[in-house]
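Counting convention: from 1, in listed order, for ligands and their atoms alike. Values in this document were obtained by computation on a predicted structure and should not be read as measured data.
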Amino acid sequence: MINRRKTKPIRIGNVIVGGNAPVVVQSMTKTDTRDVKATLRQIDQLEDAGCEIVRVAVPDMEAASALAEIKKCARLPLIADIHFDYRLALVVIKNGIDGLRLNPGNIGGREKVTRVVRAAIKKQVPIRIGVNAGSLPADIDKSLPAADRMVAALMREIELVESLGFDLIKASLKAFDVPTTIEAYQKASALIDYPLHLGITEAGTPPEGVIRSTAGLAPLLYEGIGDTIRVSLTAPPIEEVETAWEILKSLNLRSRGPVIISCPTCGRTEIDVRGIAAEVRQRLAACPKVLKVAVMGCAVNGPGEARDADIGIAGGKGRAVLFSRGEKIKTIDEADILTELLAEIDRFRG
Ligand code: SF4
């Protein structure tokens with residue numbers, strides 16, 4: 001049982017982040033934001049995959065204007081990602097953005113920060129203060145360990161906006177190095193009660209990026225740390241969302257769609273476990289209903305797992321036993337296993 005750390009809730013569009021809210025899945029569009037059509041298409045795809053908040057890069061004024069159009073049509077809450085130019089933040093706030101991601105320290109001094117923070121307070125727009133190990137301020141004490149340098153940078157940014165009366169804050173401390181990231185989040189969560197957005201930055205391509213992200217996010221989530229997550233992959237953003245959901249499902253933090261339990265196969269395997277599991281996975285890829293399906297190769301662990309799942313099969317010589325809701329339904333010939341299993345899944349789905 002995971003005891004989630006209590007954080008101060010904020011609202012990003014219609015999504016609550018922190019407090020008692022479930023861990024929220026985030027991703028980022030990878031289109032040119034100025035291409036409104038392509039960006040909206042990708043936001044729709046992300047929504048279908050289970051994304052709950054989308055960040056959009058705003059590199060210039062043209063992108064800021066395009067974001068106003070995108071905001072009018074997108075159903076998901078949008079966060080504008082802004083660096084260096086405070087005027088971009090003012091424009092997107094004026095145009096109704098749901099959240100900002102910026103570092104107050106890199107938008108040009110207290111006066112400009114004050115203008116952004118005042119606008120954010122007026123429209124109640126939360127700001128994610130995102131510290132990245134690769135771009136820490138030059139004057140942070142270099143003798144400190146990396147995680148401490150990140151926390152020091154974060155606290156400085158937070159103190160700056162707090163001094164302006166702002167507290168709609170979400171924080172992140174991302175690094176490529178997993179132990180550094182874990183340590184930074186652990187230290188920050190002991191110091192602040194703002195919601196934390198978790199991520200391993202620049203994690204790379206799948207499968208390494210998936211593994212690196214999982215290695216970094218899972219220990220923190222298991223400790224109850226983290227209110228939103230993003231898996232950063234050099235891959236289509238849908239894969240980021242799918243990975244994030246699998247991490248949350250594996251920790252029993254969230255439920256969505258199918259969970260497929262299948263044995264690794266071995267010398268005792270008597271049916272085509274790999275083929276059946278792959279087919280079931282593909283058929284259920286877009287299924288939003290929460291259900292557990294077990295595909296097991298023999299009588300060693302098969303009946304136990306198949307009984308524990310909503311629907312399962314346990315292989316035997318040239319046949320398999322089909323289970324549904326913990327009950328043995330029938331014995332099926334090998335040639336009919338897939339058809340019968342899929343039919344039972346359809347009945348379960350209603
Ligand atoms: Fe092997 Fe049976 Fe275990 Fe599958 S369930 S890995 S076939 S022992």
Metal environment of atom 1 (Fe) of ligand 1, protein N/O/S under 2.8 Å: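 Listed by chain and number, the nearby protein N, O or S atoms are C266 SG.
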By side-chain hydrogen bond (donor to acceptor under 3.5 Å, both in side chains) - contacts of E162 (at least two apart):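 So E162 forms a side-chain hydrogen bond (donor to acceptor under 3.5 Å, both in side chains) with Y194.
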Sidechain N-carboxylate O distance under 4.0 Å for R55, D81: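 A salt bridge is present here (some side-chain N lies under 4.0 Å from a carboxylate O).
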Do NZ/NE/NH1/NH2 and the carboxylate oxygens of R254 and E52 come within less than 4.0 Å?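 The answer is yes: the pair qualifies as a salt bridge.
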Taking H83's backbone N and O only, do any of them form a donor-acceptor pair with N106's side chain (distance below 3.5 Å, no angle check)?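 No.
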Rounded at 0.5 Å granularity, tell me how far CG in D44 sits from CZ in R41.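 Interatomic distance, D44 CG to R41 CZ, rounded to 0.5 Å: 9.5 Å.
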If you count the non-hydrogen atoms of other residues, nucleotides and ligands that lie under 6.0 Å from CZ in R256, is the total more than 12?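 Count over threshold, so yes.
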